[in-house]
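Input: a single structure, listed below in structure tokens.
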There are 2 protein chains.
Amino acid sequence: MESRELEQAFGKYPSVTLPSVPVESRGSYDERLNRILEAAMVVIASEGYSNASMRAVAKAANVSLAGLYHYFTNKEHILFLIQFRTFTFLLNSLRERLHGVDEPVEQLRVMVKSHVGYFATHMSALKVCSHELDLLSGEAFTEIRQVRVEYYQATRSIIDRVIDKHAPESHLDRHVVTMSLFSMLNWLYRWYAPGQERSPSGLANQILSIFLGGAIGAANIEVESEGKTQPARD
Amino acid sequence: MESRELEQAFGKYPSVTLPSVPVESRGSYDERLNRILEAAMVVIASEGYSNASMRAVAKAANVSLAGLYHYFTNKEHILFLIQFRTFTFLLNSLRERLHGVDEPVEQLRVMVKSHVGYFATHMSALKVCSHELDLLSGEAFTEIRQVRVEYYQATRSIIDRVIDKHAPESHLDRHVVTMSLFSMLNWLYRWYAPGQERSPSGLANQILSIFLGGAIGAANIEVESEGKTQPARD
DNA sequence: CCATTCACCGAACGACCGTTCGGCTCATAC
DNA sequence: GTATGAGCCGAACGGTCGTTCGGTGAATGG
């Protein structure tokens, strides 16, 4: 058995390789805020939001505990900023890259490559977005939810076009199909650590292949399947 | 847009419908422990392990705070028991159901149906197992990891047989393929709530279809793909 | 030169946390 | 009848948490 990949998949999380950029006190307000956010992402990604104390974030960001409250109204605010910025970037980035791409399968490739690529370079951010999805509430939650829904819908419409074009008779529930793709992408933080033998770009292609053609591609397997409205069989 | 499924996928978690079984003080030690564990699973699933206080667990289980320590040495012990029992049950259940099933695809169907079926009836348990995977450490972590690895390997060997039989020339990285299946299963707790229009059994079939045949099934799409050892393209 | 604002900090507050301790009740054993 | 132990609890302990308050020193504007 390949023990290293099992180590990665079932050991503790792949390490996030903190770039050890000490937060310098120079720079504009926005630059300083970004640096603090970067440090906060690493702490929250590795400890979890609830276990990540403001004191730990302050230490990682080279700021005093009280100094944090110059940039954030409270702890939730940090999580909100991380999630809002990440999801917004993901959405805008997807829309930009989609410009001029018309073929549905090609659009899907763009989506997967974009997402995996961003994941590979911002693992902490995407881990926080995947793992701490439900900790916000009220307005903050609603606002982020809006961006997530738009990201879903953009992806869903691509998937719709792919299926309409290449498998119009498909009996698959397209919401389930879409969530399956997001599952593969959102679960990455649990097992994937970029390495030279498994590059982000190669991984994106593999995910695309699996999602489009499944594990056995064009082979002709009869998968007896109930339509989504039929009752359960057992 | 189908707003209810978006509500489920992007709203707060599907509610876990606490069966409101008050922990009765009668029964054997094991029965009482099981009831407390059941209550703890619901609390931990809805609040998260770190936010689930021993006081909240005690209240949900109708036991005093100090009384909890008659059954558990500490808080981690509760999490350990939940995870160990769930993963062990999942593994044993899979092995039992596999008896007498020889066809690889049929074995895979058994695996997916078994997992989804258990998920549908024990959402809290599987949510705790999916979401709080990395909170244990030391011996407890190692012990649970062992069970998880066995569950992975059982699934991996099924997938190997499926690919060897139906797509022997496949270029896919089989670890990635296996983790993709687990991604779909482990991410379920984020969006799936069993309902009559999307039964557990129907969902299992859909996941199986997507995993085996992909979104477009046998349609002939060229998915340009780098082998897993080739360098990244961009 | 002085007033104001910004950026930041040390120290503290009250709330809540996991855990422990001493003691209570009640069924069983002798 | 009394000793024993299991099962359970109220109360408290020390610690950590998020947050706030009152301040300092440097930069800025008039």
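Letters A, B, ... mirror the listed sequences (proteins, then strands); counts begin at 1.
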Given atom [atom1] of [X] and atom [atom2] of [N], what is their separation to the nearest angstrom?
| X | N | atom1 | atom2 | result |
| --- | --- | --- | --- | --- |
| Glu47(A) | dT16(D) | CD | C1' | 14 Å |
| His70(A) | dG23(D) | NE2 | P | 16 Å |
| Arg35(B) | dG7(D) | CZ | P | 15 Å |
| Tyr29(A) | dC8(C) | OH | C1' | 12 Å |
| Glu31(B) | dG7(D) | CD | P | 13 Å |
| Leu68(A) | dG10(C) | CG | P | 12 Å |
| Leu33(A) | dC6(C) | CG | C1' | 15 Å |
| Leu79(A) | dG18(D) | CG | P | 13 Å |

How would you list, by chain and number, every residue that makes a side-chain contact (heavy atoms from CB on, under 4.5 Å) with Ala58(A), sequence neighbours excluded?
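Leu68(A).
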Between dA7(C) and Tyr71(A), is there an OP1 or OP2 to side-chain N/O distance shorter than 4.0 Å?
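Answer is no, no contact under 4.0 Å.
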Got a sec, which residues hit ring pair (Phe, Tyr, Trp, His ring centres under 6.0 Å) with Phe87(A), two or more places apart in sequence or on another chain?
none
By ring pair (Phe, Tyr, Trp, His ring centres under 6.0 Å) - contacts of Tyr118(A) (at least two apart)
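Here the qualifying residues are Phe89(A), His122(A).
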Are any protein N/O atoms closer than 3.5 Å to N/O atoms in nucleotides 11-18 of chain C? If there are, list each pair with its distance.
residue, atom, partner, partner atom, Å
dG18(C), OP1, Lys75(B), NZ, 2.9
dG18(C), OP2, Met54(B), N, 2.8
dG18(C), N7, Arg55(B), NH1, 2.8
dG18(C), O6, Arg55(B), NH2, 2.8

Partners meeting side-chain hydrogen bond (donor to acceptor under 3.5 Å, both in side chains) with Ser50(B) (sequence neighbours left out)
Asn51(A)
Hey, what's the ring geometry for His131(A) with Tyr189(A), parallel, tilted or perpendicular (30° and 60° as the breaks)?
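Geometry flag for Tyr189(A) against His131(A): perpendicular rings.
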Test: side chain to side chain donor-acceptor pair (under 3.5 Å). Region: residues 67-80 of chain A. Which pairs qualify, not counting sequence neighbours?
Arg32(A)-Tyr71(A)
Side chain of Arg32(B): nearest nucleotide among dC9(D), dG10(C), dG7(D)?
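For the Arg32(B) side chain, the nearest candidate turns out to be dG7(D).
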